[in-house]
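Quick notes on the structure that follows.
In each ligand, atom 1 is the first atom listed, and ligand 1 is the first ligand listed.
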Amino acid sequence: MVEGHVTISNLEKVYESGDERTKAIDDLSLEVPSGQFLSVVGPSGCGKSTLLYLIAGFLEESTGTIAVDDQPIDGPGTDRGVVFQDYALFPWRTVMGNVTYGLEQDGVPKEQRRATAQEFIDMMDLDGFEDKYPKELSGGMKQRVALARTLAYDPKILLMDEPFGALDQPLRELLQDHLLEIWGDLGKTVIFITHDVEEAVYLSERVMVMTRHPGTKKTTVDIDVDRTQPREDIILSDEYTDVKNQVWQSLREETQPEAQL
Ligand SMILES: Nc1ncnc2c1ncn2[C@@H]1O[C@H](COP(=O)(O)OP(=O)(O)OP(=O)(O)O)[C@@H](O)[C@H]1O
Ligand SMILES: [Mg+2]
């Protein structure tokens, strides 16, 4: 069965506090087919995080609908897993305790949840660190724990909000390749927010560029790069360079509208 298809129709989000109304998302429609890796780029404040939290079910839309496999979403659910930039680990739980958390919520028996958690701890090269607390880990390790925690409960859809933004370049590249491997193996739908055009084009099959605030879909660009090649061949390929320039240009029109005059 094909799963993890996201349909967003005429989505609008207005934040209201007191007399203030801020329209953050304006009439956005988007289809993300099951198993697609989609990146989202757009100027700061255009509503990327808002969009992700709406899909996650943390926020409620003002108008429009979001459906997963044709079912309108109703709050958060374990069909969608969120990974944040700042890891959001539970400081009072060990690595194992963090990774088993979602399975506990799902009522999985203890033995089984430890076995499942161990699988993802190993996948993220964190074996030997099961009993450490988040404060004892580096940034890259914390982000791998956060990924393992989300993958362990097997969501159909991964929602990632600038997950590698706080990491240095080598670590970011390592985790990007890790994520691509996992995506290839597990075939999940991924919606990945980044402000880094190169990261978006390197990772994804399609990039959505958003307009400046209040954000809506400006365009989507398909990327047809052979990802079985080594990184250095990908980034030197004509396809990669062309798409990167196209996305960069489109984004620049939003961040520097005066440059179009
Ligand atoms: N809780 C809130 N209440 C009121 N306005 C908000 C709230 N959260 C976000 N906004 C506003 O909504 C708009 C979109 O914010 P959002 O955080 O989604 O942008 P973003 O694209 O993720 O930005 P960045 O790239 O800087 O992370 C901004 O104008 C912001 O000020
Ligand atoms: Mg944001």
Margin query: Using a 6.0 Å distance limit plus a 45 degree cone around the ring axis, check whether Arg113 lies over the aromatic ring of Tyr101.
Written below: no
Can the positive tip of Lys244 be found less than 6.0 Å from the middle of the six-membered ring of Tyr240, inside 45° of the ring normal? no
### Message
Taking Arg212's backbone N and O only, do any of them form a donor-acceptor pair with Glu254's side chain (distance below 3.5 Å, no angle check)?
### Response
yes
| query | Closer than 2.8 Å to the Mg ion (ligand 2), do we get an N, O or S atom from Ser49, backbone or side chain? | reply | yes
Would you say Val197 ends up clustered with Leu38 if hydrophobic residues are merged whenever their side chains have heavy atoms under 4.5 Å apart, either directly or through other cluster members? no
Is there any protein N/O under 3.5 Å from an N/O of ligand 1, and what does the full list of such pairs look like?
from, atom 1, to, atom 2, distance (Å)
ligand 1, 18 (O), Thr50, N, 2.9
ligand 1, 18 (O), Thr50, OG1, 2.5
ligand 1, 19 (O), Gly47, N, 3.3
ligand 1, 21 (O), Cys46, N, 3.2
ligand 1, 21 (O), Gly47, N, 3.0
ligand 1, 21 (O), Lys48, N, 2.9
ligand 1, 21 (O), Lys48, NZ, 2.9
ligand 1, 22 (O), Ser49, N, 2.9
ligand 1, 22 (O), Ser49, OG, 2.9
ligand 1, 23 (O), Gly45, N, 2.8
ligand 1, 25 (O), Lys48, NZ, 2.7
ligand 1, 26 (O), Ser44, OG, 2.6
ligand 1, 29 (O), His213, ND1, 3.4

Notebook entry, point to check: Would you say the side-chain atoms of Glu239 pair up with the backbone N or O of Asp224, donor to acceptor, closer than 3.5 Å?
Noted result: yes
- prompt: Are the charged groups of Glu104 and Lys110 less than 4.0 angstrom apart, N to O?
  reply: no
